[in-house]
Structure formats: structure tokens, C-alpha cells
> 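Below: one structure in C-alpha cells.
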Amino acid sequence: MQKLDYEKMGTRIRQLRKAKGWSQDKLAKKCGISLNFMGHIERGTRKMSMNTFASLCSELETDADALLWGVTEPSETAMQGIWGKTDGKDDEGYSMYIRIMKSVADILKSSGSF
């Protein structure tokens, strides 16, 4: 398994925050954390909870792969690993799975649960 690089993840968070024109303080308040902790997250010097991570994804309007790995679209290999598809015989089922997962993510985002 790939090891998380918290410094790179923090850099990606900073880039997305700046692209929105937000200060660290504004993003910290939106996520319910302190400005000091937000600074640590962006520098990669402290780890965050899953709730904070989910809040960052939601507020920055991005997905986990983008923040964790810098990947904006899940790779086919990664999705095959999750789905278990190796022979190409179940393309319709695989496509349905992807649509369902995207729908679940959209529902969670719109309800504020994610």
C-alpha cells in the first residue's frame, strides 16, 4: 500500500484553498477547526481525523483521491481492484457500480454528511 505524504497532501489543500480565494482562517472555520491546526495540516506536520478530512473534501469540493494522492479521477486499475473485475465480462455491472457510488457521494455531499 502507498504511504501517505502529509506534506504533499497539505500542499494540495493549500492550493485548493487559495484557488477559492480563501484564507486559512476561513477554511478552518468552515471545517470547525482552529487556525493553528489548519496551518499544521497544510504543512503536513499534524494528522487530522476522518471528520476533518471529510469536511475539507466537502468544503473544497473535491474528492478523497485528489487530496490524498493528487489523483482527480480514480485509475482503472484501482477501480478494478475495488470491483474485482479482471476479465472484462461484466462491463454493465461495473458501470452500474460506478454510477451508484457517484450517486451515494453526491447524496452525502448534498445532505452535509460528507
Side-chain angles (χ1 to χ4, degrees):
M1 183 169 155
Q2 200 174 1
K3 186 176 178 180
L4 283 177
D5 185 330
Y6 291 97
E7 191 173 328
K8 286 182 181 177
M9 185 169 40
T11 299
R12 288 188 282 273
I13 292 167
R14 182 181 306 110
Q15 289 169 340
L16 289 168
R17 173 183 59 77
K18 287 185 173 186
K20 290 187 169 290
W22 294 348
S23 66
Q24 277 187 337
D25 190 47
K26 183 172 182 171
L27 181 56
K29 285 178 180 171
K30 285 178 166 285
C31 293
I33 61 175
S34 71
L35 173 60
N36 183 43
F37 188 49
M38 186 75 244
H40 278 287
I41 290 170
E42 287 191 1
R43 289 188 301 278
T45 56
R46 300 245 336 254
K47 295 178 183 178
M48 66 191 106
S49 70
M50 287 300 294
N51 285 338
T52 298
F53 181 73
S55 291
L56 283 166
C57 288
S58 179
E59 294 299 334
L60 294 170
E61 299 175 322
T62 192
D63 60 22
D65 282 334
L67 291 186
L68 293 171
W69 315 112
V71 177
T72 55
E73 296 279 331
S75 72
E76 186 67 21
T77 304
M79 292 311 295
Q80 285 176 351
I82 292 168
W83 182 243
K85 177 181 164 251
T86 56
D87 60 7
K89 291 181 181 175
D90 192 15
D91 287 332
E92 187 176 324
Y94 176 72
S95 295
M96 183 185 301
Y97 172 77
I98 297 301
R99 287 192 308 271
I100 289 168
M101 295 311 296
K102 285 182 179 179
S103 295
V104 168
D106 289 343
I107 290 166
L108 289 173
K109 275 186 181 178
S110 67
S111 71
S113 300
F114 181 64

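In this text the structure is predicted, and so the values were computed from the model without any measurement.
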> Hey, is the main chain of N51 close enough, under 3.5 Å, to the side chain of S55 for a donor-acceptor pair?
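Yes; at least one donor-acceptor contact below 3.5 Å.
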> Would a distance-only check, ignoring hydrogens and angles, find a side-chain to backbone donor-acceptor pair under 3.5 Å from R12 to L68?
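At least one qualifying donor-acceptor pair exists.
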> As an exercise, state the distance from CD1 of I33 to CE of M48, rounded to the nearest 0.5 Å.
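Going from the CD1 atom of I33 to the CE atom of M48 covers 8.0 Å.
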> Are K20 and E61 side-chain neighbours, meaning at least one heavy-atom pair lies under 4.5 Å?
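Yes, at least one pair of side-chain atoms sits under 4.5 Å.
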> Does a sphere of radius 6.0 Å around NZ in K29 hold more than 12 heavy atoms from other residues, nucleotides or ligands, not counting ones at 6.0 Å or beyond?
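Atom NZ in K29 is not crowded, with 12 or fewer foreign heavy atoms closer than 6.0 Å.
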> Using the rule that two of Ile, Leu, Val, Met, Phe, Trp, Tyr join whenever any of their side-chain heavy atoms come within less than 4.5 Å, decide whether L35 and W22 are in one cluster.
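The answer is no; the residues belong to distinct hydrophobic clusters.
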> Measuring from H40:NE2 to T45:OG1, what's the distance to the nearest 0.5 Å?
5.0 Å
> Considering non-hydrogen atoms only, spot the tightest contact between M38 and A28 and give its length.
CB-CB, 3.8 Å
> Which heavy atom of E59 sits nearest to which heavy atom of C31, and what is that distance?
CG-SG, 4.0 Å
> With heavy-atom distances below 4.5 Å as the criterion, would you say the side chains of E42 and R17 are in contact?
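Yes, side chains in contact.
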> I'd like to know if the side chain of R46 and the backbone of F37 have a donor-acceptor N/O pair within less than 3.5 Å.
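Here the side-chain-to-backbone pair does not exist.
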> Run the side-chain contact (heavy atoms from CB on, under 4.5 Å) test on L27 and L56 for me, step by step, so that the C-alpha distance in whole Å, both residues' side-chain angles and the decisive distance to 0.1 Å come before the verdict.
CA-CA 8 Å; L27 181 56; L56 283 166; 3.7 Å; yes
> Which atoms form the tightest heavy-atom contact between K3 and W69, and what is the distance?
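The answer is O-CZ3, 3.9 Å.
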